[in-house]
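In listed order, ligands and their atoms are each counted from 1.
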Amino acid sequence: MTDVRPPCAVRWLDGSGCVHRKRGASARVPGCLDIIDQARLPDELVRLHLSAPREIHDAIRRLSVRGAPAIGCAAALGLAACAQRFGVSDATDYLVKLRATADYLDSARPTAVNLHWALARCLAKVVPASIPEMDARLLDEALDILDEDIRMCDAIGGHGLGLLRTGMGVLTHCNAGALATGGCGTALAPIYAAHAAGYDIKVFSNETRPLLQGARLTAWELSECGIDVTTICDSMAAQVMREGRIHIVIVGADRVAANGDTANKIGTYPLAISAKYHGVPFYVAMPYSTIDRSLPDGAGIPIEQRPDCEIAHCRGARVYNPAFDVTPRALITGYITERGVLDHV
Ligand code: MRU
């Protein structure tokens, strides 16, 4: 057995500087959201302490904190930090400010359903009461979201482990690991579980253009934990499958529609087509909270458009830069969730 400890992407720092990842922190002295600044990885490991709406919104927008479950946890804890600094004495004023701050944080990125889901869950918990009581309820709810996420990642890892055998090659895209969640990840959770169980697993990490979450983040967190990881360009995945080196593909998800169509980082859809062609099983790993049952299929999933500067090299050319694509349900072998491995959602 190998004990690996992937890094904590999101946590709560209370007013006396103590780290919390579950309910029990005091809200009496203002605390803050504590994240790893992922925009600076792997060159520098820097933590940011955030407590103002603008800085939390911008951290989500510029991908200092990213990955669907992680932005849900960060927004919830961020909302609690902002509320502790509202400086109002009236419950109505507090609730008006709370809703406005939640709406603002929710506007940071559109595709991951977890952002809206986590903020809505926090808002629903706060009913008119004294200010200290509302602060405490909000922080408890945000820490519950974080704690549940940690436990869901572990459960996903346990269920996904059943799909892995020693000697397998696993291909993943983007980063759906510890950096993308409150816990040990979704797509990478079964890999951490397999490593802990002593399996010999070889991970192939697509570089994930244009922002290189695979080459920078997945490669960093797995290699930090001593897991065998090889970075490949996105365009190499089909060739590596043809060479017989990939036995399973596992990716994360930003939003899963009621029929199972799945939005994930741009480049996931062609990976699923390649996997189908080569007879490689293709799994989506995600918590149940990523399922958006209000959408019958993937056509309604809002797709974030990112700035031109992320991919523009030539001034005269137009740029089209969607951050996510939608993989049709027909290309997906199954869903690894905290409730088990499902063949439909
Ligand atoms: O733009 P990003 O880096 O936030 O995109 C992240 C992904 O696409 C992940 O695969 C997804 O959010 C699942 S994270 C467990």
Side-chain angles (χ1 to χ4, degrees), residues 6 9-10 35-39 41 59-75 108-118 146 148-150 152-157 160 171-192 205-222 234 249-256 262-269 271-272 282-292 298 301-307 310-311 321-327 332 335-338:
V10 182
I35 58 167
I36 293 178
D37 185 353
Q38 299 187 36
L41 284 175
I60 295 172
R61 180 86 204 130
R62 67 168 186 269
L63 312 194
S64 284
V65 59
R66 43 138 309 275
I71 59 178
C73 295
R109 297 189 75 188
T111 304
V113 73
N114 312 57
L115 178 59
H116 180 78
W117 170 86
L146 179 63
E148 285 166 27
D149 194 55
I150 293 169
M152 279 186 296
C153 290
D154 289 342
I156 289 170
L171 177 61
T172 190
H173 188 68
C174 193
N175 173 266
L179 290 168
T181 62
C184 65
T186 57
L188 299 193
I191 293 165
Y192 284 117
S205 165
N206 264 359
E207 66 171 349
T208 316
R209 285 196 52 79
L211 297 180
L212 307 181
Q213 287 92 332
R216 292 188 302 110
L217 307 178
T218 296
W220 180 77
E221 69 164 86
L222 291 180
D234 303 341
V249 179
I250 310 180
V251 297
D254 282 82
R255 195 183 294 232
V256 178
T262 295
N264 191 50
K265 178 54 54 192
I266 191 80
T268 302
Y269 174 34
L271 202 58
F282 183 96
Y283 284 91
V284 174
M286 84 288 175
Y288 244 68
S289 54
T290 303
I291 304 170
D292 181 351
I301 299 177
I303 300 294
E304 177 182 3
Q305 299 296 320
R306 299 284 303 174
E310 288 179 355
I311 56 173
N321 187 15
F324 299 95
D325 58 25
V326 177
T327 300
I332 298 169
Y335 303 84
I336 310 171
T337 75
E338 69 273 27

Check your understanding: Taking Thr172 for the side chain and Ile250 for the main chain, is one N or O donor matched with an acceptor at less than 3.5 Å?
Key -> yes
**Study point:** Protein contact to atom 10 (O) of ligand 1 [nearest heavy atom, distance to 0.1 Å]
**Key:** Asn264 OD1, 2.6 Å
Exercise for review: Output yes when a side-chain donor or acceptor of Glu221 lies under 3.5 Å from a complementary backbone atom of Ala178, and no otherwise.
Suggested key: yes
Check your understanding: Does OH in Tyr269 sit with more than 12 non-hydrogen atoms of other residues, nucleotides or ligands closer than 6.0 Å?
Key -> no
Practice item. Please report the C-alpha distance between Arg66 and Asn175 in whole Å, then the side-chain angles of each, then the deciding distance to 0.1 Å, and finally whether the side-chain hydrogen bond (donor to acceptor under 3.5 Å, both in side chains) criterion is met. Key: CA-CA 9 Å; Arg66 43 138 309 275; Asn175 173 266; 3.2 Å; yes
Check your understanding: Taking atom CD1 of Ile71 and atom OG1 of Thr181, what is their separation to the nearest 0.5 Å?
Key -> 12.5 Å
Point to revise | Residue, atom name and distance, where the atom is the protein heavy atom closest to atom 3 (O) of ligand 1 | key: Arg66 NE, 2.5 Å
**Study point:** Short N or O distance, Lys265 and ligand 1, threshold 3.5 Å exclusive
**Key:** yes
Practice item. Using distance alone, decide if ligand 1 has a nitrogen or oxygen within less than 3.5 Å of any nitrogen or oxygen in His173. Key: no
Review point. Side chain to side chain contact (heavy atoms under 4.5 Å, CB included) between Leu63 and Arg109: does it pass, once the steps are laid out?
Key: CA-CA 10 Å; Leu63 312 194; Arg109 297 189 75 188; 3.1 Å; yes
Check your understanding: So, does Arg109 sit close enough to ligand 1 that a heavy atom of it is under 4.0 Å from the ligand?
Key -> yes
Point to revise | Nearest non-hydrogen partners of Ala187 and Val251, listed with the distance | key: CB-C, 3.6 Å
Point to revise | Polar atom proximity, Ala68 to ligand 1 (N or O, under 3.5 Å) | key: yes
Practice item. Just jot down the ligand 1 atoms closer than 4.0 angstrom to any heavy atom of Thr186, in number order. Key: 15 (C)
**Study point:** Thr262, Thr290, Asp254: member with heavy atom nearest to atom 7 (C) of ligand 1
**Key:** Asp254
Point to revise | Atoms in ligand 1 flagged as close to Gln213, the criterion being non-hydrogen separation under 4.0 Å | key: 1 (O), 2 (P), 3 (O)
Exercise for review: Would you mind checking if Arg209 and Asp234 are paired as a salt bridge, meaning a charged N to carboxylate O distance below 4.0 Å?
Suggested key: no
Practice item. Would you mind reporting whether Ile291 and Thr337 have side-chain heavy atoms less than 4.5 Å apart? Key: no
Review point. If you count the atoms of ligand 1 from 1 in the order shown, which ones are under 4.0 Å from a heavy atom of Pro69?
Key: 14 (S), 15 (C)
Review point. Should one rank Ala253, Gly67, Ala285, Ala323 by closest heavy-atom distance to atom 13 (C) of ligand 1, which comes out on top?
Key: Ala253
**Study point:** For Val113 against Thr290, the heavy-atom pair lying closest together
**Key:** CG1-O, 3.5 Å
Review point. Should you measure from each heavy atom of Ala176, which atoms of ligand 1 turn up under 4.0 Å away?
Key: 14 (S), 15 (C)
Review point. Hey, does Cys174 sit under 4.0 Å from ligand 1 if you only count heavy atoms?
Key: yes
Check your understanding: Does Ala112 have a non-hydrogen atom less than 4.0 Å from ligand 1?
Key -> no
Exercise for review: Any atoms of ligand 1 less than 4.0 Å from a non-hydrogen atom of Ala180? List them with their elements.
Suggested key: 14 (S), 15 (C)
